[in-house]
Amino acid sequence: MKRIAVIFAGGVGARMNNSKTPKQFLEWNGRPILIQTLDVFEQTDLIDAIVLACKAEWIDHTKNLIKEAGLQKVLSIVPGGESALDSQYNGLAEAKCLFPNEDVTVLIHDGVRPLVDKETIERNIESVETKGSAITVTPAIETVMVTDNGSINRILNRSECLMAKAPQSFKLDDILSVHDRAKVEGIHDFIDSASMMMHYGYTLYPVLGETENIKITTPSDYYMFTGIIKNRELGGLQDE
Ligand SMILES: C[C@](O)(CO)[C@H](O)COP(=O)(O)O
């Protein structure tokens, strides 16, 4: 039995005001966001290895960063693909090559979610190994509406709504098999692994995560991230 994290970081930062530096390499306190993300998995005892899917032109730079940070669990870095799902597929296929005959639990995580915590990772592993899947979620704290043709045509019952985060975790053979089916059927527009697994009839089990596990996609996400870290350094909210 192996527990592998597949971290995808193939994006170019188009939503980060097209910053020249892809968002996963933006720094805080001299440490790139991607290294901070990898480090959480590195420090979690239950994780055996990490596979990283990264933009091809950034692989050499990333290897240097990983060496400097002294990370030992990153066994392989593969080129990312056109979409996030393609990058994930490349990472998953590499995990299969590394551990062809093992029963593998795989945790798929965005390189730009550095505030994931060990407990969420452990809850993901437990859920996959007892039920078959784990989708990290937080309760919706704003009203979710559906639009069509410019007007709002549906307002979802907020008490039933969850926000999908990451990790999203499965048995490696299950998630690889749905990628293969989607490729054969020419379906390329799944937003994430959860959508793909649900489409192919798998039951998804939610695992409660922390609201601080934000995805750093836009400049305001980056400001929130630095705000959270500064606040942690100050010891959090203090009573008067
Ligand atoms: C996987 C994910 O983080 C779940 O919230 C999200 O779908 C990734 O979205 P992105 O558009 O690939 O950043």
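One-based numbering, in listed order, for ligands and for the atoms of each.
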### Message
If you count heavy atoms of other groups shown closer than 6.0 angstrom to CD1 of I187, is the number above 12?
### Response
yes
### Task
Check whether any heavy atom of T217 sits under 4.0 Å from an atom of ligand 1.
no
#### Entry: Any residue meeting side chain to side chain contact (heavy atoms under 4.5 Å, CB included) with E122, in chain and number order, not counting sequence neighbours
T44, L46, K118
#### Entry: Proximity winner for atom 3 (O) of ligand 1, if only heavy atoms of R113, K23, Q88, K165 are counted
R113
### Task
Could you tell me which residues satisfy salt bridge (charged side-chain N to carboxylate O under 4.0 Å, His left out) with K96, sequence neighbours excluded, listed by chain and number?
D173
### Message
For ligand 1, which is the ligand I care about here, please tell me if A164 has any N or O atom under 3.5 Å from one of the ligand's N or O atoms.
### Response
yes
#### Entry: Cation-pi geometry met for K215 and F225 (6.0 Å, 45°)
no
### Query
With distance as the sole test, does T21 use its side chain to make a donor-acceptor pair with the main-chain N or O of L26 at under 3.5 Å?
no
### Message
Measuring only between side-chain heavy atoms, which start at C-beta, is P114 closer than 4.5 Å to V40?
### Response
no
### Query
Hey, which atoms in ligand 1 end up nearer than 4.0 Å to a heavy atom of A84?
12 (O)
### Polar atom proximity, Q168 to ligand 1 (N or O, under 3.5 Å)
no
### Task
Could you tell me which atoms of ligand 1, counted from 1 in the order shown, lie closer than 4.0 angstrom to a heavy atom of K215?
3 (O), 6 (C), 8 (C), 9 (O), 10 (P), 13 (O)
### Message
I'd like the name of whichever of V112, D192, I191 reaches closest to atom 1 (C) of ligand 1 through any heavy atom.
### Response
D192
